[in-house]
Amino acid sequence: MKRLFAFITVVAGMLLSGCAATAPTTQSTVTAFHVWQSDVKDKSFTFERTKEQEQSLEYQSYERFVEDALLLQSFTEKTANTPAHFKVAFDYDVQKSTRVIMQPREFADPFWYMYPRRRYYDPFGYDTWQPIQIDVYDRQLKLKITDTTLNKAVYEVTVNNVGRTPDLVRIMPYLVQSAFRNFPGPSGVPQQVILEVDERY
C-alpha cells in the first residue's frame, strides 16, 4: 500500500510539472546602426527633448526606463558643472494594422449533447482551416545617441514589436530593454530579441 501511494504521488507530481504554465514572452525586432568606440571613457549623457516631450507626462515616465538602461550600460548622468559627452533622444509610436491568420473551422457535432462545441478535425485535410482578419498594433521605439564633441550620431536603434493592444505602458520597459540588449551589438543587422514578461500585455 505504501509503495502504491508513493507511486501515485510521483505520477501526480510529474503531471503537475508538465501542466505548469510557461511564462509569457514578447518578441521584438531590433536594428541598430552605430560607429561606437569601445574605449570611450567619458559616458556622461543628457536627454534631448522636443517641446512636446518636455510637457508630456507619458514621455517623462518612459524617460526613466531609458535612463535606467543607460546607467546599466555604465553611462553617467551629467553633472551641473560639466557638459555631457552624449545627448540621448528617443521617440515612440503605435500604428494599427490588419493581419490575416488561419484558424480551424468549427462545425455542429451530431453528438452535441456530449461535446457542445469542438474544433473540427479532418484527417484528409479537406477545408478544415479558414482565414480570418485580426487587428494588431505595430509598436515602435526609436532612440539616438549623439556625440556632442563631434556633433554627430554614434548610435541609432529601432525596436519594432507587434501586439494585440495599443497600450505602450506595459510594453515600453521591454522595448527599452531590447534596444540595449547586447549593446552596442552588430551594426545594421536585424536581431530578434525575446524577453519574458511579468504578465500578459
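These numbers come from the heavy atoms of this one structure, side chains and all, not from hydrogens, waters or symmetry mates.
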**Asked** Are Phe180 and Val197 connected in a single hydrophobic cluster, I mean Ile/Leu/Val/Met/Phe/Trp/Tyr linked by side-chain heavy atoms less than 4.5 Å apart?
**Response** yes
**Request:** Please indicate whether Lys78 has more than 12 foreign heavy atoms, meaning atoms of other residues, nucleotides or ligands, lying under 6.0 Å from its NZ.
**Result:** yes
**Request:** Kindly give the heavy-atom pair with the smallest separation between Asp138 and Ser97, and that separation in Å.
**Result:** OD2-OG, 2.9 Å
**Asked** Are Leu72 and Leu143 connected in a single hydrophobic cluster, I mean Ile/Leu/Val/Met/Phe/Trp/Tyr linked by side-chain heavy atoms less than 4.5 Å apart?
**Response** no
**Request:** Indicate, with yes or no, if the rings of Phe183 and Tyr155 have centres closer together than 6.0 Å.
**Result:** yes
**Request:** Answer yes or no: is there a side-chain heavy-atom contact under 4.5 Å between Tyr92 and Met172?
**Result:** yes
**Prompt:** So, Gln53 side chain and Phe90 main chain: donor-acceptor pair closer than 3.5 Å or not?
**Reply:** yes
**Message:** The criterion is side chain to side chain contact (heavy atoms under 4.5 Å, CB included); which residues satisfy it with Val169, sequence neighbours excluded?
**Reply:** Tyr62, Asp167
**Asked** Rounded to the nearest 0.5 Å, how far apart are OG1 of Thr26 and CD of Gln177?
**Response** 10.5 Å
**Item:** N/O donor-acceptor pair under 3.5 Å between Arg164 side chain and Asp135 backbone
**Value:** yes
**Asked** How long is the span from the OG atom in Ser28 to the CZ atom in Arg139, to the nearest 0.5 Å?
**Response** 8.0 Å
**Prompt:** What residues form a ring pair (Phe, Tyr, Trp, His ring centres under 6.0 Å) with Phe65, not counting sequence neighbours?
**Reply:** none
**Prompt:** To the nearest 0.5 Å, how far apart are CG in Leu141 and OH in Tyr174?
**Reply:** 15.0 Å
**Message:** According to side chain to side chain contact (heavy atoms under 4.5 Å, CB included), who are the partners of Glu77, at least two apart in sequence or on a separate chain?
**Reply:** Phe45, Glu67, Leu71
**Message:** I need the full list of salt bridge (charged side-chain N to carboxylate O under 4.0 Å, His left out) pairs touching residues 52-62, with sequence neighbours left out, sorted by first then second residue.
**Reply:** none
**Message:** With rounding to the nearest 0.5 angstrom, report the OG1 to CG distance, Thr50 to Asp91.
**Reply:** 7.0 Å
**Asked** Hey, mind stepping through Tyr137 and Asn161 against side-chain contact (heavy atoms from CB on, under 4.5 Å) and telling me if it holds?
**Response** CA-CA 8 Å; Tyr137 296 87; Asn161 179 283; over 6 Å; no
**Item:** Separation between CD1 of Ile145 and CG of Leu70, rounded to the nearest 0.5 Å
**Value:** 6.0 Å
**Item:** Polar side-chain atom of Thr148 near backbone of Ala84 as donor-acceptor pair, under 3.5 Å
**Value:** yes
**Prompt:** Given the rule that I, L, V, M, F, W and Y join up when any side-chain heavy atoms are under 4.5 Å apart, are Phe33 and Val88 in one cluster?
**Reply:** no
**Asked** Should Asp93 and Gln95 be marked as a side chain to side chain donor-acceptor pair (under 3.5 Å) after you check the CA-CA gap, both sets of side-chain angles, and the distance that decides it?
**Response** CA-CA 7 Å; Asp93 189 30; Gln95 295 292 333; 2.9 Å; yes
**Asn151, CG: over 12 other non-hydrogen atoms inside 6.0 angstrom** = no
**Request:** Mind running side-chain contact (heavy atoms from CB on, under 4.5 Å) on Gln192 and Thr29 for me, showing each step along the way?
**Result:** CA-CA 5 Å; Gln192 300 299 317; Thr29 302; 3.1 Å; yes
**Message:** Please tell me whether Leu195 and Val159 are part of a single hydrophobic cluster in this structure, the criterion being side-chain heavy atoms less than 4.5 Å apart.
**Reply:** yes
**Prompt:** Can you list every salt bridge (charged side-chain N to carboxylate O under 4.0 Å, His left out) pair that touches residues 29-51, not counting sequence neighbours?
**Reply:** Glu48-Lys87, Arg49-Glu63
**Complete:** The side chain to side chain contact (heavy atoms under 4.5 Å, CB included) partners of Thr149 (sequence neighbours excluded) come to His85, Asp147
**Fill in**
Separation between OG (Ser178) and CG (Asn160), nearest 0.5 Å, reads 11.0 Å
**Message:** Closer than 3.5 angstrom, by distance alone: can the side chain of Ser187 be matched with the main-chain N or O of His34 as a donor-acceptor pair?
**Reply:** yes
**Asked** With distance as the sole criterion, is a donor-acceptor pair present between the side chains of Thr31 and Gln191 under 3.5 Å?
**Response** no
